[in-house]
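The structure under discussion appears below in the form of structure tokens.
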Amino acid sequence: MKIGIIGAGNIGGNLTRRLTALGHDVSVANSRGPHSLKELADETGATPVRAEEAARGAEIAVVTVPLKAVPDLPSGLFDEAADGLVVIDTGNYYPRQRDGRIAGIEDEGLTESRWTERQIGHPVVKAFNGTYAQDLLDRHRPAGDPERMALPVAGDDEAAKRKVRDLIEELGFDTVDAGGIDDSWRQQPGTPVYGLRGSVDAVTRALAEAPPERPEEFRG
Ligand SMILES: NC(=O)c1ccc[n+]([C@@H]2O[C@H](COP(=O)([O-])OP(=O)(O)OC[C@H]3O[C@@H](n4cnc5c(N)ncnc54)[C@H](OP(=O)(O)O)[C@@H]3O)[C@@H](O)[C@H]2O)c1
């Protein structure tokens, strides 16, 4: 499958590694330009591109940049994407350590992914946001393995969500349907499922136990 990855840091880099290993045709971009991605490209066989080219012809794009950088992404990022492009958002809001205060999230009460959708002008499926980047490399397991972890996946479009769940299952993780984007506060930073290494049952339980208030340490 043709997959475009925007952001080549902890998560984008490791998704590039695993998705190329599975035989996918991956284009990857960062803020500094393709020349700065030579090492990752040589290692993985991914194609380094500019951010505006990453989703060109792709079936799935992944936006995996710090939340504060989302408004700086080029406009029309997905204009040349294939029909039915599915965009995965891995983002988290860290107002105190990294992102600064974002009014849409704090004052309007938007979920982090709903805010991101509005910035990029495209619906998203929220996935990987609570997964340690290193676990993508170290903790994938075949289906049925008792140690296989489950990841929550939220999105409003059922077909898009199914496509993302299939990809994650191919990457070596089970998935749990975490509802729509308005429900995705249940998997944001500080919730019981955030960073949880657990089974389908454990993830399902943690999503159900999430309190609706934004934790104090994740307020700007
Ligand atoms: N680290 C984790 O384990 C983890 C786990 C789950 C979710 N997340 C979330 O996923 C997101 C990414 O995290 P990360 O740890 O992978 O970040 P990171 O290591 O800091 O990497 C960020 C990447 O985004 C790129 N970038 C920044 N601004 C950009 C722009 N305007 N256009 C194109 N690319 C841009 C950076 O490129 P340059 O280097 O060229 O600036 C870099 O490749 C965050 O919201 C984070 O909270 C992280």
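Since this is a predicted model, take the numbers as computed values, not measurements. Below, all heavy atoms of this structure are taken into account, side chains as well, without hydrogens, waters or symmetry copies. Start at 1 and go down the list; that is how both ligands and their atoms are numbered.
Electrostatic pairing of K161 and D157 does not count as a salt bridge here, judged by no charged N lying under 4.0 Å from a carboxylate O. Residues E108 and R114 are not paired through a salt bridge, judged by the lack of any N-O separation under 4.0 Å between the basic side chain and the carboxylate. Salt-bridge formation is detected for the pair D42/K38: a Lys NZ or Arg NE/NH1/NH2 atom is positioned less than 4.0 Å from an Asp or Glu carboxylate oxygen. In summary, K126 and D183 do not engage in a salt bridge, as defined by a charged side-chain N under 4.0 Å from a carboxylate O. Ionic pairing of R96 and E217 is not present here: no N-O contact between side-chain nitrogen and carboxylate oxygen is shorter than 4.0 angstrom. Checked for salt-bridge contact, E169 and R162 meet the test: a charged N lies under 4.0 Å from a carboxylate O.
With Y194 as the partner, the side-chain hydrogen bond (donor to acceptor under 3.5 Å, both in side chains) test is satisfied by one option alone out of N129, N92, T131: N92.
Atom 36 (C) of ligand 1 has its nearest heavy-atom neighbour, among S31, P71, G33, in S31. Distances from atom 8 (N) of ligand 1 to the heavy atoms of V28, N92, T131 show the closest one on N92. Here the shortest heavy-atom distance to atom 3 (O) of ligand 1, taken over A8, A133, G9, belongs to A133. Counting only non-hydrogen atoms, the option in V70, L73, L37 that gets closest to atom 30 (C) of ligand 1 is L73.
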Residue pair E170, H24: steps toward the side-chain hydrogen bond (donor to acceptor under 3.5 Å, both in side chains) verdict: CA-CA 11 Å; E170 190 190 336; H24 293 290; 2.9 Å; yes
From CA spacing to verdict: side-chain hydrogen bond (donor to acceptor under 3.5 Å, both in side chains), S36, N30: CA-CA 8 Å; S36 67; N30 64 3; 2.9 Å; yes
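The nearest heavy-atom contact from the protein to atom 28 (N) of ligand 1 is A69 CB, 3.4 Å. In this structure, the protein non-hydrogen atom closest to atom 20 (O) of ligand 1 is P66 CG, 4.2 Å. Regarding atom 13 (O) of ligand 1, its nearest protein heavy-atom neighbour is T64 OG1, 4.4 Å. Nearest protein heavy-atom neighbour of atom 24 (O) of ligand 1: V65 CG1, 3.4 Å. Of all protein heavy atoms, the one lying nearest to atom 10 (O) of ligand 1 is T90 OG1, 2.9 Å. In terms of protein heavy atoms, atom 40 (O) of ligand 1 is closest to R32 NE, 2.7 Å. The closest protein non-hydrogen atom to atom 15 (O) of ligand 1 is N10 ND2, 2.9 Å.
Near G91, with a cut-off below 4.0 Å to any heavy atom, the atoms of ligand 1 are 45 (O). Of all the atoms in ligand 1, the ones that sit under 4.0 Å from a non-hydrogen atom of F128 are 6 (C), 7 (C).
The shortest heavy-atom distance from S36 to ligand 1 is not under 4.0 Å. Remark: distances from the non-hydrogen atoms of R98 to ligand 1 include one below 4.0 Å.
Under the 6.0 Å cut-off for aromatic ring centres, Y94 and F218 qualify, their centroids lying closer than that.
Atom CH2 of residue W115 and atom CG of residue D89 lie 9.5 Å apart, to the nearest 0.5 angstrom.
Of the polar atoms of I11, at least one N or O is found under 3.5 Å from an N or O of ligand 1, judged by distance alone.
Of all the heavy atoms of N129, the ones lying under 4.0 Å from any atom of ligand 1 belong exclusively to the backbone.
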